[in-house]
Amino acid sequence: MEITSDKRRISAQSEVGTFTIKYDCDASSDGEVSNVNARIYKGDEIIGSANANQDGILGFSLHKENKISGYQLKRLFNKLIEDIKTILKPI
């Protein structure tokens, strides 16, 4: 996962096969992230989104015509969880 950051904004990106997950987060002045928003791309098309917060709440949705196999879905979901755990750790 590639992470870029300025003082209060954090962006990250991960690749999962032919999919790209782009993350945007707001950080407090001490660098702690409380919310993560993600967009899931297949090529240039957004096919889904996710969000999570420090309280353990996670939302995950895919567009109806996403054409993702069960295997691809498992890989995407596992990568989302792994990345979100990394992002939500204090910097």
Side-chain angles (χ1 to χ4, degrees):
M1 175 173 52
E2 177 185 328
I3 298 175
T4 58
S5 159
D6 61 26
K7 291 182 182 181
R8 304 283 304 259
R9 192 100 183 119
I10 297 171
S11 297
Q13 180 172 317
S14 283
E15 305 292 328
V16 181
T18 60
F19 301 95
T20 302
I21 307 170
K22 294 185 179 182
Y23 302 92
D24 289 309
C25 321
D26 291 319
S28 64
S29 59
D30 63 358
E32 186 173 310
V33 174
S34 59
N35 294 301
V36 178
N37 295 302
R39 292 174 316 281
I40 303 165
Y41 292 84
K42 186 169 186 178
D44 293 333
E45 181 182 358
I46 296 175
I47 61 163
S49 62
N51 56 28
N53 66 30
Q54 282 284 14
D55 297 327
I57 297 171
L58 172 69
F60 178 70
S61 64
L62 295 172
H63 295 176
K64 188 174 183 179
E65 300 297 325
N66 60 58
K67 298 178 183 170
I68 296 176
S69 71
Y71 174 74
Q72 291 170 320
L73 178 60
K74 181 179 177 180
R75 287 186 63 208
L76 274 173
F77 192 74
N78 286 340
K79 185 63 174 166
L80 274 165
I81 298 298
E82 178 185 309
D83 288 350
I84 288 169
K85 283 174 46 180
T86 300
I87 293 169
L88 288 176
K89 288 182 182 177
I91 297 172

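It should be emphasised that the depicted structure is a prediction, and the values quoted were computed from it without experimental measurement.
- A pairwise comparison of heavy atoms in Ile87 and Ala12 identifies CD1-CB, 4.3 Å as the closest pair.
- Residues meeting the side-chain hydrogen bond (donor to acceptor under 3.5 Å, both in side chains) test with Ser49, sequence neighbours left out: Ser61.
- Arg75 meets the salt bridge (charged side-chain N to carboxylate O under 4.0 Å, His left out) test with no other residue; sequence neighbours excluded.
- No donor-acceptor pair under 3.5 Å is formed between the side chain of Asp24 and the backbone N or O of Asn37.
- Counting only residues at least two apart or on different chains, the ring pair (Phe, Tyr, Trp, His ring centres under 6.0 Å) pairs with a member in residues 47-70 are Phe60-Phe77.
- For Lys42, there are no side-chain hydrogen bond (donor to acceptor under 3.5 Å, both in side chains) partners, not counting sequence neighbours.
- Take Asn53 and apply the side chain to side chain contact (heavy atoms under 4.5 Å, CB included) test, not counting sequence neighbours, and it matches Asn35, Asp55, Ile57.
- Of all heavy-atom pairs spanning Ile68 and Leu73, the tightest one is CG2-N, 3.4 Å.
- Scored by the side chain to side chain contact (heavy atoms under 4.5 Å, CB included) test, Asn78 finds Lys74 as partners (sequence neighbours excluded).
- Residues satisfying the side-chain hydrogen bond (donor to acceptor under 3.5 Å, both in side chains) criterion with Glu15, sequence neighbours excluded, are Gln13, Thr20.
- Using a 4.5 Å cut-off between side-chain heavy atoms of Ile, Leu, Val, Met, Phe, Trp and Tyr, with links allowed through other members, Leu80 and Ile46 fall into different hydrophobic clusters.
- Sorted by first and then second residue, the ring pair (Phe, Tyr, Trp, His ring centres under 6.0 Å) pairs with a member in residues 21-58 form an empty list; sequence neighbours excluded.
- For Thr18, there are no side-chain hydrogen bond (donor to acceptor under 3.5 Å, both in side chains) partners at least two apart in sequence or on another chain.
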